[in-house]
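Worksheet: one structure, shown below.
Worth knowing before you read on, the calculation uses all heavy atoms, side chains too, and leaves out hydrogens, waters and symmetry mates. Here, residue 1 is the first one in the sequence, and each next residue gets the next number.
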Amino acid sequence: MSKGKPMNRTGRHSARILTQTSALAFAAVLALSACGSNDTAADEAPEDAAPSQSQGEALEAEEPAEKTTDETAAETTETDEAEGMSDKAEGTEVEIGTEFTDEETGDVITIVSAVRNNPTEYYEAADNPDGEMVYIEVKVEPGDSYGGTISASDFYLDSAGEEANYASSAKDELKDAGFEYFDLAPRRDGEHTGYVPIYVSETADVLKGTYLRPEAKVLGEDKKVPEFSSEFEVPAT
């Protein structure tokens, strides 16, 4: 996997180019072998008969040994550690469901969910216990006024006071984990859903997010479409 620095923490984008269009957007017994005894005398023994010496020894051997205080404490510690690890489980999905409409383009953007605490080989994650790789699931329903694309780079998470956007070199590990990568969504192709990988160098229980479409110039016209932005939150696991 390439570890060259991808577009990340880029700051706000420069103006984008849009094309004017009137076309409408187009639209997962134990089967106990009862070891039948061949010992006829045993079969015929009365129910209240005392066990034989060999039977008594077997019964004694089956009595569970009492656990020592140290063994009990060790098991308790292991259980607590396992529960603590589950609180920080890798690849934990959280629901979001935040929807907003770009008033200028008519695009409807939904932040569907997020997958938190993903294992990663992203270059910034090396020797950084405070960071986190987050997969943001987004759904876009383009308006019918303009062409052009909706980009993964338009989605941001707060990273220690900076804006971090998509970690492009995490594309392969996201896909290997079974998620559809969201790169570019051409408006002419209609609705599109996918995941945007974003690495934050300093995580938090609740992460602040922003969708930002930069100002755009309409191709062939002396017209600009103003910038649009809206905020969302990624909840704790």
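Within the 3.5 Å criterion, the main-chain N or O of S169 finds no donor-acceptor partner in the side chain of D172. The backbone N or O of V112 sits nowhere less than 3.5 Å from a side-chain atom of T110 that would complete a donor-acceptor pair. Judged by distance alone, the side chain of E163 and the main-chain N or O of Y156 form no donor-acceptor pair under 3.5 Å. Between the side chain of D107 and the main chain of G143, a donor-acceptor pair closer than 3.5 Å is present.
Looking only at atom types and distance, the side chain of S159 has a donor-acceptor partner in the side chain of S201 under 3.5 Å away. For the residue pair S151 / S153, a side-chain donor-acceptor distance below 3.5 Å is found, with atom types taken as modelled.
In the hydrophobic cluster analysis, where Ile, Leu, Val, Met, Phe, Trp and Tyr join through side-chain heavy atoms closer than 4.5 angstrom, Y166 is grouped together with I96. Tracing side-chain contacts under 4.5 Å through hydrophobic residues (I, L, V, M, F, W, Y), one reaches M133 starting from Y123; they form part of the same cluster. Hydrophobic clustering (side-chain heavy atoms under 4.5 Å, transitive across Ile, Leu, Val, Met, Phe, Trp, Tyr) groups V94 together with V138.
Ring orientation note: the planes of F182 and F155 are nearly perpendicular, at an angle over 60° on the 30°/60° scale.
Using a 4.0 Å cut-off between a side-chain N of Lys or Arg and a carboxylate O of Asp or Glu, D183 and K171 do not qualify as a salt bridge. Looking at E231 and K208, no side-chain N of the basic residue comes within less than 4.0 Å of a carboxylate O on the acidic one, giving no salt bridge. A salt bridge links E132 to R116: at least one charged side-chain nitrogen sits closer than 4.0 Å to a carboxylate oxygen.
For an aromatic pair to be called close, the ring centres must be under 6.0 Å apart, and F179 with Y195 satisfies this.
Here the straight-line distance linking atom OG1 of T120 with atom CD of E173 works out to 3.5 Å at 0.5 Å rounding. Rounding to the nearest 0.5 Å gives a distance of 9.5 Å between CG of N165 and CG of L157. Here the NZ-CG distance, from K217 to L219, works out to 7.0 Å after rounding to the nearest 0.5 Å.
Proximity of I111 to E99: side-chain heavy atoms (C-beta onward) are nowhere separated by under 4.5 Å. You'll find the side chain of I136 stays beyond 4.5 Å of the side chain of S113, heavy atoms only. At a threshold of 4.5 Å between non-hydrogen side-chain atoms, the residues I150 and L184 do not count as touching.
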